[in-house]
Amino acid sequence: MQSIKSICLFLTALSYTKGEDAVNTPRFKNGTLERTAFVRGMNARTILLSKEAHWTEVTSIDDATLVWLRNHKRRSKPFESDPETQIYNRLPASSQMTDKAKMFANVNSYEVDNGVLGDSCLPRTFSLRTEADVLDLENHYDELSQGAWILKPTKESMGVGITIHTNNTEWWKGGELAVVKRRVRSGSPYVLQKYIKNPLLLNGRKSELRLYWVVLSLSPLVAAIYEHGQVRINSMPYEYGDFKNPLKHLTNIHQQRKHPDFKRLSNSGELKWSLESFMNYTINSLGYSEDRIRKTLWQNMKHCVVRTLNATAEKLRGDHPQGGRGRFELVGTDFILDSDLNVFLTEVQQGPGLAINDPVKARVLRPALTNAANLALDIQNILLAKQPVGNLSLEGTGYEYLVHEGLTPPYYLHYDGER
């Protein structure tokens, strides 16, 4: 909240002139935007409309400064926010980053074009968006015959439809490849991804890290990552095999609910750790140094996020007439670590599961979401005051910059660590 207070104090001292339309909107009073909110989605409402968040709910979307939607269509058409006096929780073309097939295709293309080869943050991945992409897999038959590969439908979530394959001869001759072709033709893409054989194990189980970060502005590009995260842990010990058993291989809470003792495991905290607990475990139980975990590993994960953002930033603006002004988006990013602590980014999730039904997630999501909305409001107020976006302060928010092109000179995450 500190950044909001500082900006509001700063703005009240300004003499501000603007067009009549913006001055007359109920959202804009006394030289600043009102903290009014139109929020849809039970979980988002629980956080953003709490007393601690300091937003006032309004019943008309046109009266709201903050617009948070789950269904981003209004009267069957995409909702269009006022780019100058509203903040809206969806980037114009966010699917370029949050759709698995598009994201991996964008990153692969960008890194080839920019000479970033042999050091990818992504597992080896094939984007299957067209029937031609599926047919092209035959040109990679030898590669696909080595080890296990995980097939993910990009329009599903909660681990639905994911399968793991080791015998690709059988897969090619069987019926599943035909199903993939048919679904791709009907507009349901897949990704085929190299399965990480040697994941980092926590108490003998496979795990996945989830970090939250927010794109606060597209013009100039400003993005920040939240300092806390969570770690999801499978309910059964890992083994390389028995690939039809999701309790060993799919680090998704909805799949883990299939365990007959899920409630006890969940209540005991065995299936969800804070990022801090994870770091303490890898230092104290696995023997890694403080510097390797708290500095190098953290830097590597941020580096992977920035590489993904670099590859998609221009496309995220879509055809928005003001370059995406007034749009922001909080996303969750998942990482798998291997036994050597190499970092692999596996997904950027849109609308990243805002239910706060366990204490670990609640401690992360409440401040991450609340402060993301606050910072997006700060930027709008700065722009309305015709001040440089470099005046934005992250102090007291728990966020740190990944990129800030509004600073002089622009800030870009410097990477000099090890993969």
Side-chain angles (χ1 to χ4, degrees), residues 1-7 44 47-48 53 66 68 87-92 94 97-98 121 209-230 275-276 294-295 297-313 316-317 323-335 343 345 348-352 354 363-383 387-415 417:
M1 296 303 298
Q2 184 172 354
S3 62
I4 286 289
K5 292 176 181 177
S6 61
I7 293 297
I47 297 173
L48 290 171
L66 168 63
W68 186 284
I87 53 173
Y88 172 36
N89 71 312
R90 181 59 54 89
L91 301 178
S94 57
M97 182 170 62
T98 58
C121 290
L209 280 67
R210 161 66 63 87
L211 298 180
Y212 298 93
W213 56 285
V214 59
V215 178
L216 293 165
S217 170
L218 288 169
S219 301
L221 183 62
V222 181
I225 191 167
Y226 192 61
E227 62 185 346
H228 300 296
Q230 56 180 318
L275 183 61
E276 181 64 21
R294 299 189 186 279
K295 182 179 177 182
L297 177 60
W298 177 245
Q299 192 79 350
N300 284 346
M301 290 190 290
K302 292 191 296 181
H303 174 63
C304 290
V305 170
V306 169
R307 287 171 72 160
T308 304
L309 181 58
N310 285 344
T312 55
L316 292 175
R317 298 184 178 98
R325 179 173 171 177
R327 302 292 193 94
F328 74 106
E329 190 154 352
L330 178 72
V331 296
T333 295
D334 295 335
F335 299 92
V343 176
L345 187 155
V348 178
Q349 189 184 47
Q350 190 174 64
L354 298 179
R363 284 194 296 270
V364 176
L365 267 178
R366 278 190 181 276
L369 175 54
T370 301
N371 289 333
N374 289 343
L375 289 167
L377 178 63
D378 283 0
I379 285 185
Q380 277 291 62
N381 277 325
I382 289 171
L383 291 172
Q387 298 297 310
V389 177
N391 288 349
L392 180 69
S393 171
L394 300 186
E395 185 177 354
T397 66
Y399 279 94
E400 60 177 278
Y401 286 124
L402 294 166
V403 58
H404 192 333
E405 294 183 343
L407 292 173
T408 305
Y411 171 80
Y412 299 97
L413 178 71
H414 177 66
Y415 177 73

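Annotation for Pro92 and Gly324: closest pair CG-CA, 3.9 Å, computed over non-hydrogen atoms. The minimum heavy-atom distance between Leu394 and Ala224, with the atom names listed, is CD1-CB, 4.3 Å. Here the closest non-hydrogen pair linking Cys304 and Val343 is SG-CG1, 3.9 Å. When all heavy atoms are compared, the tightest approach of Leu354 to Ala44 is CD1-CB, 4.0 Å. Residues His303 and Cys121 come closest through the heavy atom pair CD2-SG, 4.1 Å. Nearest approach of Met97 to Leu316, heavy atoms of both residues: CB-CD2, 4.0 Å.
To the nearest 0.5 Å, the span separating CG on Leu216 from CD1 on Ile379 amounts to 4.5 Å. Summarising the geometry, atom CG belonging to Leu402 is positioned 10.5 Å from atom OG1 belonging to Thr308; distances are rounded to the nearest 0.5 Å. Considering OG1 of Thr370 and CG of Leu48, their distance stands at 6.0 Å, rounded to 0.5 Å. To the nearest 0.5 Å, atoms CG (Leu211) and CE (Met301) are separated by 5.0 Å.
Under the ring pair (Phe, Tyr, Trp, His ring centres under 6.0 Å) criterion, Tyr401 pairs with His404, not counting sequence neighbours. Under the side-chain hydrogen bond (donor to acceptor under 3.5 Å, both in side chains) criterion, Tyr212 pairs with Gln230, sequence neighbours left out.
Side chain of Asp378 to backbone of Leu392: no donor-acceptor contact under 3.5 angstrom is found. Judged by distance alone, the side chain of Glu329 and the main-chain N or O of Leu91 form a donor-acceptor pair under 3.5 Å. The closest donor-acceptor contact from the side chain of Ser94 to the backbone of Arg90 lies at 3.5 Å or more, if one exists at all. Side chain of Arg327 to backbone of Leu218: no donor-acceptor contact under 3.5 angstrom is found. Between the side chain of Ser219 and the backbone N or O of Gly323 there is at least one donor-acceptor pair closer than 3.5 Å.
Side-chain contact between Leu221 and Leu309: present, with at least one pair of heavy atoms (C-beta onward) separated by less than 4.5 Å. Counting only heavy atoms from C-beta outward, the side chains of Pro352 and Arg210 approach each other to under 4.5 Å. With a 4.5 Å cut-off on side-chain heavy atoms, Asn374 and Asn371 count as touching. Side-chain contact between Leu66 and Leu377 is absent, with no heavy-atom pair separated by less than 4.5 Å. In this structure the side chain of Tyr399 never reaches within 4.5 angstrom of the side chain of Ile225, judged on heavy atoms. Between Val331 and Val215 there is no side-chain heavy-atom pair separated by less than 4.5 Å. Under the 4.5 Å side-chain criterion, counting only non-hydrogen atoms from C-beta, His228 is not in contact with Leu275. The side-chain heavy atoms of Asn300 and Phe335, taken from C-beta on, include no pair separated by under 4.5 Å.
Applying side chain to side chain contact (heavy atoms under 4.5 Å, CB included) to Leu369 and the options Asn89, Val364, Val214, Leu330 leaves one that passes, Leu330. Glu400 pairs with exactly one of Trp298, Tyr226, Trp213 by the side chain to side chain donor-acceptor pair (under 3.5 Å) rule, that one being Trp298.
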Next item on the list: Quick one: do Arg325 and Arg317 satisfy side chain to side chain contact (heavy atoms under 4.5 Å, CB included)? Show the steps, please.
Entry: CA-CA 9 Å; Arg325 179 173 171 177; Arg317 298 184 178 98; over 6 Å; no
